[in-house]
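Just so it is clear, the structure is predicted and the values come from calculations on it, not from any experiment.
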Amino acid sequence: MAVSPYSTHYVGQTLRAPDALYAGRVPSFFHGELAAIIIGTAYAAADEYARIVAERPLIADPSRTRAELHDYQRNLGEALGAIRTAEAALQHNAEDWMEVCRRNVPGEAAFSTAEDNRLALVFLTAGRMARDVLQGILFRTAGSRSARDPERMQLYFRDAATYWTHVGPTKAEPPPRRVGCDRLGLPSDGIPLLP
């Protein structure tokens with residue numbers, strides 16, 4: 001049986017309902033993808049941080065490692081808490097995204113610009129949270145040796161910097177402003193996402 005390039009059914013079969021995954025809007029989906037990548041990168045950086053502090057001896061007492069110092073323990077714990085919070089936001093928001101898509105398929109409720117704005121902002125916030133922890137805690141306190149090529153922490157830092165320079169995450173004003181306008185009942189469509 002031939003496959004139609006324009007639908008999800010075989011030619012000659014009755015039309016099936018489209019997959020809900022394809023019934024969403026693009027901006028929030030892309031922010032979700034970027035957030036998932038940077039959150040995974042932040043987890044990798046936390047694993048690398050744990051390895052670094054467990055192996056690196058103290059200058060003043062080489063018989064001990066940084067892992068035994070309260071500051072490094074707190075840094076790692078704080079980072080893991082923030083990364084887990086970002087992941088929880090990502091997962092919950094992805095479930096919300098799919099639910100909005102499911103309601104859109106039968107026409108029960110349209111996937112509106114306001115929904116897209118709300119979902120995109122949560123994904124964006126989760127990604128920024130992970131990036132901030134990776135760069136502001138893990139990389140900053142891992143030690144200067146970790147900033148050299150080809151150290152893993154340096155690679156994760158570069159990945160986070162690349163995320164931060166992507167056109168979506170760098171636009172700090174439009175998504176929150178759009179969500180604020182939506183909540184206030186003001187039009188948000190006129191606020192460009194990109195310059």
Side-chain angles (χ1 to χ4, degrees), residues 19-54 72 75-102 104 111-179 191-195:
D19 190 332
L21 177 64
Y22 303 104
R25 296 176 68 98
V26 174
S28 54
F29 181 83
F30 287 152
H31 278 294
E33 279 188 315
L34 290 169
I37 292 167
I38 195 63
I39 290 167
T41 304
Y43 271 123
D47 290 346
E48 180 64 6
Y49 187 88
R51 185 195 66 77
I52 290 167
V53 300
Y72 293 97
N75 291 338
L76 182 58
E78 184 179 345
L80 288 170
I83 298 166
R84 180 65 184 109
T85 300
E87 180 189 19
L90 171 75
Q91 288 178 338
H92 183 77
N93 207 48
E95 291 168 8
D96 283 356
W97 192 88
M98 281 304 301
E99 181 56 33
V100 174
C101 289
R102 275 191 283 279
N104 190 30
F111 199 129
S112 68
T113 302
E115 288 279 16
D116 194 38
N117 291 338
R118 176 185 63 82
L119 293 163
L121 182 59
V122 174
F123 284 138
L124 179 62
T125 302
R128 284 181 176 172
M129 182 183 292
R131 183 211 54 107
D132 288 348
V133 165
L134 193 159
Q135 292 184 335
I137 296 176
L138 298 172
F139 180 78
R140 182 181 59 80
T141 64
S144 57
R145 183 182 305 168
S146 301
R148 297 185 298 192
D149 278 331
E151 297 294 323
R152 284 187 186 147
M153 188 62 79
Q154 186 264 359
L155 297 173
Y156 300 141
F157 176 82
R158 247 185 20 214
D159 290 346
T162 301
Y163 164 80
W164 192 235
T165 61
H166 187 277
V167 70
T170 60
K171 300 301 169 206
E173 183 186 341
R177 185 172 166 217
R178 282 176 152 233
V179 168
I191 302 167
L193 288 173
L194 302 174

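- The distance from atom CG of Leu138 to atom CD of Glu78, rounded to the nearest 0.5 Å, is 9.5 Å.
- Side-chain contact check for Arg25 and Thr113: at least one donor-acceptor pair (N or O, by modelled atom type) lies under 3.5 Å.
- Atom CH2 of residue Trp97 and atom CD of residue Glu115 lie 12.0 Å apart, to the nearest 0.5 angstrom.
- Taking the side chain as every heavy atom from C-beta outward, Asn117 and Pro175 never approach each other to under 4.5 Å.
- Here the NE2 atom belonging to His31 is positioned 8.5 Å from the NE2 atom belonging to His166, to the nearest 0.5 angstrom.
- The distance from the CG atom of Asp159 to the CD atom of Gln135 is 10.5 Å, given to the nearest 0.5 Å.
- Taking each heavy atom of Ala130 and Ile38 in turn, the nearest pair found is CB-O, 4.0 Å.
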Problem set entry | Evaluation steps, side-chain contact (heavy atoms from CB on, under 4.5 Å), between Thr125 and Val122 | CA-CA 5 Å; Thr125 302; Val122 174; 5.7 Å; no
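- Of all heavy-atom pairs spanning Glu151 and Arg51, the tightest one is OE1-NH2, 4.4 Å.
- Here the side chain of Arg178 pairs a donor or acceptor atom with the backbone of Ile191 at under 3.5 angstrom.
- Taking a 6.0 Å sphere around CZ of Arg102, one finds it holds more than 12 heavy atoms contributed by other residues, nucleotides or ligands.
- At distances below 3.5 Å, at least one donor-acceptor pair connects side-chain atoms of Asn104 with backbone N or O atoms of Ala23.
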For this session: Could you please spell out the steps behind the side-chain contact (heavy atoms from CB on, under 4.5 Å) verdict for Leu119 and Phe111?
Result: CA-CA 11 Å; Leu119 293 163; Phe111 199 129; 3.7 Å; yes
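- Residue Arg128 qualifies as enclosed at atom CZ: its count of foreign heavy atoms under 6.0 Å is above 12.
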For this session: Could you go through the side-chain contact (heavy atoms from CB on, under 4.5 Å) check for Asp96 and Glu99 one step at a time?
Result: CA-CA 5 Å; Asp96 283 356; Glu99 181 56 33; 5.6 Å; no
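- Contact between Ile52 and Ala142 at its shortest, heavy atoms only, is CG2-O, 3.6 Å.
- In this structure, the side chain of Arg140 engages the main chain of Gly136 through a donor-acceptor pair within 3.5 Å.
- For Asn75 (side chain) and Ile137 (main-chain N/O), no donor-acceptor pair under 3.5 Å exists by modelled atom type.
- Side-chain contact, Tyr49 with Thr141: a donor N or O sits under 3.5 Å from an acceptor N or O.
- Between Ala86 and Met129 the shortest heavy-atom distance is N-SD, 3.8 Å.
- None of Ile39, Thr85, Ile83 except one satisfies the side chain to side chain contact (heavy atoms under 4.5 Å, CB included) rule with Val133; the exception is Ile83.
- The minimum heavy-atom distance linking Ala46 with Leu80 is given by the pair CB-CD2, 3.7 Å.
- When side chains are defined from C-beta on, Cys101 does not count as touching Leu21, because their heavy atoms never get closer than 4.5 Å.
- The CG atom of Leu134 lies 13.0 Å from the OH atom of Tyr43; values are rounded to the nearest 0.5 Å.
- Closest of all the heavy-atom pairs between Ala45 and Tyr156 is CA-CD1, 3.6 Å.
- One finds the CZ atom of Arg118 at 9.5 Å from the CZ atom of Phe123 (value rounded to the nearest 0.5 Å).
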Problem set entry | Chi angles and distances behind the side-chain contact (heavy atoms from CB on, under 4.5 Å) call for Leu34, Tyr163 | CA-CA 7 Å; Leu34 290 169; Tyr163 164 80; 3.8 Å; yes
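- By the neighbour-count criterion of 12 heavy atoms within 6.0 Å, atom CZ of Arg145 is sparsely surrounded, having that number or fewer from other residues, nucleotides or ligands.
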